[in-house]
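What follows is one structure encoded as structure tokens, with my remarks underneath.
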Amino acid sequence: MLELLADPAVWASFLTLVVLEIVLGVDNVIFISIAAARLPEDQRARARMLGLTGALVMRILLLLSIAWIMGLSAPIMTVLGQEVSWRDIILIAGGLFLLYKAATEIFEEVEGPHEGAVASAARAGFFIVVSQIMLLDLVFSLDSVITAVGIADHIEVMIAAVSIAILVMMVAAKPIAAFVEAHPSTKMLALAFLVMVGMALVADGFQVHIERGFIYAAMVFAGAVEALNLWRAKRRAQADGPAA
């Protein structure tokens with residue numbers, strides 16, 4: 001362990017991995033915030049913490065099962081001349097679920113929830129929402145763990161980096177959720193982000209890789225435009241305030 005602490009290459013891989021894990025975790029935090037928003041306000045913080053704690057536990061367990069994780073990439077069948085692995089199936093299923101959830105949320109934001117949706121939301125209890133969060137955590141964890149294995153050579157470094165990244169997300173989850181809830185237009189932007197991530201997961205499952213950098217660059221640009229819109233709306237409200 002002391003040898004690892006004294007190795008500059010280990011520190012470089014650790015810091016790189018922490019940054020990448022935090023970036024890869026942004027979509028996870030957004031989904032958790034939106035899913036938890038369906039719960040009563042007094043249960044949302046607990047759902048977010050349980051979701052992120054589950055993500056941490058799953059990532060550590062997956063890291064301790066690296067041989068099994070690598071085995072998920074081995075082909076198990078061939079469909080229309082295309083080799084398919086368990087990893088592909090998990091990514092496609094997770095991506096389709098994310099697309100479904102994002103599309104449903106967008107519909108309700110635009111059209112408003114109909115009576116059936118309201119009744120369904122009322123029946124959707126705490127553990128149902130947490131189960132949905134855990135299901136997507138599994139998909140995001142798989143992507144995160146494969147990234148960790150590709151960057152760091154030591155399991156201790158991987159676990160430390162993943163743990164710090166999850167702790168940062170735990171701290172950031174509440175303010176992100178509050179901001180998204182307070183500004184409906186940013187929630188729509190976040191849902192559009194989840195649609196892109198879902199599509200990227202499905203594409204990965206079909207072995208058509210889409211660089212996450214393109215997705216994040218698009219969202220940073222869209223986020224900057226949204227920030228300008230919010231700033232303009234705030235200034236307009238301040239200017240109209242005294243006149244009213």
Side-chain angles (χ1 to χ4, degrees), residues 17 20-36 47-48 50-105 124 127-152 155 158-159 161-163 165-166 169 190-216 219:
L17 188 53
L20 284 175
E21 290 292 330
I22 292 173
V23 172
L24 288 173
V26 170
D27 41 20
N28 201 354
V29 172
I30 291 174
F31 175 79
I32 288 173
S33 300
I34 292 174
R48 289 193 298 267
L50 275 176
L52 287 169
T53 301
L56 175 59
V57 171
M58 277 192 285
R59 291 180 193 196
I60 290 177
L61 290 176
L62 289 174
L63 282 170
L64 294 174
S65 309
I66 289 177
W68 179 73
I69 288 294
M70 293 299 101
L72 289 177
S73 300
I76 58 171
M77 67 178 80
T78 301
V79 179
L80 299 176
Q82 182 75 43
E83 292 183 338
V84 179
S85 66
W86 280 115
R87 175 180 177 272
D88 298 331
I89 294 172
I90 292 172
L91 289 176
I92 292 171
L96 290 175
F97 178 73
L98 193 56
L99 286 171
Y100 166 77
K101 289 296 294 181
T104 302
E105 291 284 345
F127 290 105
I128 292 177
V129 171
V130 172
S131 297
Q132 292 180 352
I133 291 172
M134 293 293 186
L135 178 62
L136 259 295
D137 275 345
L138 175 61
V139 179
F140 289 130
S141 295
L142 189 64
D143 199 19
S144 171
V145 167
I146 291 173
T147 299
V149 172
I151 290 178
I155 188 67
M158 298 179 202
I159 292 176
V162 165
S163 300
I166 293 289
M169 285 187 272
L191 289 169
F193 178 42
L194 292 181
V195 169
M196 288 199 296
V197 172
M199 197 63 241
L201 289 175
V202 172
D204 277 347
F206 284 105
Q207 299 179 22
V208 179
H209 182 64
I210 300 175
E211 287 294 337
R212 293 297 188 273
F214 292 123
I215 296 176
Y216 294 132
M219 288 309 299

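Residue numbers start at 1 and run along the sequence shown. Only this structure's heavy atoms are used, side chains among them; waters, hydrogens and symmetry mates stay out.
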Exercise. Calculate, to the nearest 0.5 Å, the distance between atoms CH2 and CG belonging to Trp86 and Leu91 respectively.
Key: 13.0 Å
Quiz item: Who are the side-chain contact (heavy atoms from CB on, under 4.5 Å) partners of Val79, not counting sequence neighbours?
Solution: Met77, Val84
Quiz item: With sequence neighbours left out, which residue pairs that include part of residues 88-99 fulfil the salt bridge (Lys or Arg N to Asp or Glu O under 4.0 Å) condition?
Solution: none
Quiz item: Can you name the side-chain contact (heavy atoms from CB on, under 4.5 Å) partners of Met219, sequence neighbours left out?
Solution: Leu189, Phe193, Met196
Self-check item: Non-hydrogen atoms of Ile133 and Gly51 that approach each other most closely
Solution: CG2-CA, 3.5 Å
Quiz item: Shortest non-hydrogen contact from Gly95 to Leu201?
Solution: CA-CB, 3.8 Å
Quiz item: Which heavy atom of Ala47 sits nearest a heavy atom of Ala36, and at what distance?
Solution: CB-CB, 4.2 Å
Practice problem: With sequence neighbours left out, write down each residue that passes side-chain contact (heavy atoms from CB on, under 4.5 Å) with Val202, or none if nothing qualifies. | Solution: Leu96, Leu99, Met199, Phe206
Practice problem: Please list, chain by chain and in numerical order, all residues satisfying salt bridge (charged side-chain N to carboxylate O under 4.0 Å, His left out) with Asp204, sequence neighbours excluded. | Solution: Arg212
Quiz item: Shortest non-hydrogen contact from Ile30 to Ala190?
Solution: CG2-CB, 3.5 Å
Quiz prompt | By side-chain contact (heavy atoms from CB on, under 4.5 Å) - contacts of Ala192 (at least two apart) | solution = none
Self-check item: Partner residues of Arg48 under the salt bridge (charged side-chain N to carboxylate O under 4.0 Å, His left out) criterion, sequence neighbours left out
Solution: none
Quiz prompt | Exercise: identify the closest heavy-atom pair between Leu98 and Leu194 | solution = CD2-O, 3.6 Å
Practice problem: Scan residues 74-84 for pairs that pass side chain to side chain donor-acceptor pair (under 3.5 Å), counting only residues two or more places apart or in two chains. | Solution: Gln82-Gln207
Exercise. Calculate, to the nearest 0.5 Å, the distance between atoms CD1 and CZ belonging to Ile92 and Arg87 respectively.
Key: 10.5 Å
Practice problem: Could you pull out the closest heavy-atom pair between Ser163 and Ile60, with the gap in Å? | Solution: OG-CD1, 4.1 Å
Quiz item: Please, which pairs that meet side chain to side chain donor-acceptor pair (under 3.5 Å) have at least one residue in residues 92-101, sequence neighbours excluded?
Solution: Lys101-Gln132
